[in-house]
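Notes for the one structure printed next.
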Amino acid sequence: MTPEELDEIAESERAAQSQFTEHVNVCVAAGCLSCQSQSVKDALDQEVSRRGTKGHCQVKGVGCMGLCAEGPLVSTSVVSTGLASTGAGVLYQRVQASDGEAILDGLSGEPVSRLICPTDIPFFQRQKKIVLENSGVVDPERIEDYIAAEGYAALIKALTEMTPREVIDQVTKSGLRGRGGAGYPTGLKWSTVSKSVGTKKYVICNADEGDPGAFMDRSVLESDPHRVLEGMLIAAYAVGASEGYIYARAEYPLAVKRLRIAIRQAERIGLLGTDICGTRFSFRVDVRLGAGAFVCGEETALIASVEGKRGTPRPRPPYPAMEGLFGEPTLINNVETFANIAPIIRKGGEWYAQIGTEKSKGTKVFALAGRVQNTGLVEVPMGISLREMVFEIGGGIPEGRKFKAVQTGGPSGGCLPSDCLDMPVDYESLAKAGSIMGSGGMIVMDESSCMVDVAKYFMDFCMTESCGKCIPCRVGTYQMHRILTAIGNMSATQQDIKMLEELCDLLKHTSLCGLGQSAPNPVVSTLRSFAEEYRAHVEEHRCPAGVCSGQLAGETV
Amino acid sequence: MKPSSNVKTLNIDGRDLSGRQEETILDVARQNGIFIPRLCEMDGLTDVGACRLCLVEIKGQNKLLPACVTTVEEGMEVTTDSPRLQNYRRMILELLFTERNHVCAVCVSNGHCEMQMLAQRLGITHVHFPYRYPKEEVDASHDRFVIDHNRCILCTRCVRVCDEIEGAHTWDIMGRGIDAKVITDLNQPWGSSDSCTSCGKCVHVCPTGALFEKGRSVAEMLKRRQFLPYLTLMRKENE
């Protein structure tokens, strides 16, 4: 594969696509697939063949369009001969297989008004797409489509025009920080690995997304797997690695399938393998499946799991950058981090650094879930306020209820109350407010949620997912869960609250890995911001939100 | 660089000490008679840093670090004992006592148990967390040995000694979190294990009465661990 050959593929693909004047894109990512988008696509395909318009009407399966709550989503656009598309395309929501005919009719006439999804709402307008630029646009199972959308151009640029040092410099300049949650500067990590000495180096993509309610990485992998591969390839070139692994959850079969297709396609045209692009850079990638343990998202546990061992963390240092997979220097980044790399190399680190806040650059993909009108996947610039996220992009709380809290960072994060609404969403602000950025799950809660119950839910999660290696996490999460259950049953005392606080402190400071250290966060943050609710449970034996059953309420008074 | 530059000087509890760069804080402390509590660490086995009892304070470090896996550094200032550390250690031990059924009065290791001794040393007079009282099994299918899961603290010394020293890898861990337990082979009864060589190393490294020899009554199970440093030393010399 040479740069010229890549251009050729892009050109011929664009030429092939320009034959089509009508484009119908059907979302085939997990969200829409689960509400039968495949049958919608099949119906559209059949209808197109029946009408004999196959020559100029293209029905394409594409990745996530974001507004998963209204799926299946279908977008259409019409190109008048030789010119750009006539006006904006139309987005249809909640499309059924039986709507195929109407949608195709709508291409030449009036759009189907009953299905139209308004795209002038903040949900779409406030987004800035970098990671998701191709989601909903390219066919995730065709490398040609990705190449036509400037795919692999960044890799070619890095390989042919830049030294590894220059690649790392651009990533450092971009200010990109790890999107897995902790926010470690990506450029620094890359340069550490590049300077580490080993007989061999590895690049690992952490696709073990396990936070409840989070599906950013899943969506990226299902919608645009080549972007992640390209990011890994550039990283491997920069740090001098020759082998890579994508550690994906077995619970994401579609993402795994599309990744495998992507790897095969890239190998076939010589973008993966030996002597890529006529250079001496060689890289191969393999997919490893997780067996369902949340803790395997922790990097040292992940490495153990890839090595075929039991997935338990080990103390750091040594960090994987020095001693990682099979004892060799290893670069581990999250899916979304890798997905940011290609645009950074294409457009330069300075371009990326213009977006976001002073210390948190670029955009972040959030999985907006819970009690908001518009649930789904959004990519916004760092520094946007929580209020904008919930009330503008999210469209506010349904059924006229009152906002209570937003939970970020999953089981390692915290609940932010309404007085945090005007806080900017970036790594530092979230940490200061007692939560974390996390991988990007954002769960909105209204007054019908009981914060004790929320804390209990996350503690239950941590207890079940604790690997059992260190004592504070193994037994501490059990004891904390027991106390939270007692509070929910209205059988707890003030003594229990004190014990809960003690355990929070113990776990935070003595647990071996991030799972245990951050497991108290949901409890600490709710104890701080919603102490009144805890008090009501303990002293008055009532649940203000009416969630906790409190079977013992009458007896203990 | 001269080999001598591999020696680091550090300060532990106000004493100026020295250690080779590959030695851990715990190694140096042990050589100098400074006691740091630990239950999973054992000289001669790889360190896992799992029990969290050997956490120490290091000046200039926000985090508490496990002495068993933290190597010495030049100018390091270590505090191995402080009210805060004592408090954490007591809580961790208390959690261990609540986890399974540790009843010293009927235990073969009563009086020789590392956990019991540590509790006494740390001045634990009672446990303020409620006990779990789980139903755990006792596997007495082996000819000579017994595993009583009620007394197991999941330190994994048996797993490591079997894998690293005996080379049999009969022991391993099954399950996750509070449900984790040590197993022989693929969770077969110990007596039917094909891989077990009946060497008994696991029994003697076990810090509690979880692993013991058949026929021992209360307080009769003395553990002999001298073989471990001896074996590791001999093997090193043969390398």
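Scope of the values below: all heavy atoms of this structure, side chains included, with no hydrogens, waters or symmetry mates.
- B:W190 and B:W171 have perpendicular rings, their planes meeting at more than 60° on a 0 to 90° scale where under 30° would count as parallel.
- A side-chain donor-acceptor contact under 3.5 Å links A:Y252 and A:E209.
- Using a 3.5 Å distance cut-off with no hydrogens or angles, the side chains of B:N101 and B:E136 do not pair a donor with an acceptor.
- Using a 4.5 Å cut-off between heavy atoms, B:I153 contacts chain A through its backbone alone, with no side-chain atom that close.
- When the candidates B:R84, B:E99, B:H128 are compared by the number of heavy-atom contacts under 4.5 Å with chain A, B:E99 comes out ahead.
- Comparing A:G476, A:P313, A:G468, A:S466 by how many heavy-atom pairs each has under 4.5 Å with chain B, the most go to A:S466.
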Test side-chain contact (heavy atoms from CB on, under 4.5 Å) applied to A:S360 and A:E428, step by step: CA-CA 8 Å; A:S360 305; A:E428 275 74 24; 3.7 Å; yes
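- With a 4.5 Å cut-off on non-hydrogen atoms, A:T464 touches chain B through its backbone but not through its side chain.
- A donor-acceptor contact closer than 3.5 angstrom links the side chains of A:R482 and A:Q479.
- Among A:Q517, A:H509, A:R314, the residue with the largest count of heavy-atom pairs under 4.5 Å with chain B is A:H509.
- For A:L503, the parts sitting under 4.5 Å from any heavy atom of chain B are the backbone and the side chain alike.
- When heavy atoms are compared at a cutoff of 4.5 Å, A:S511 approaches chain B solely by way of its backbone atoms N, CA, C and O.
- For chain B, the nearby parts of A:D505 are the backbone and the side chain; heavy atoms of each come within less than 4.5 Å.
- Taking the ring axis of A:Y478 as reference, the NZ or CZ atom of B:R132 stays within 45° of it and closer than 6.0 Å to the ring centre.
- Annotation: cation-pi geometry satisfied between B:R121 and B:F35 (NZ/CZ under 6.0 angstrom from ring centroid, within 45° of ring axis).
- For B:L55, the part lying under 4.5 angstrom from a heavy atom of chain A is the side chain only.
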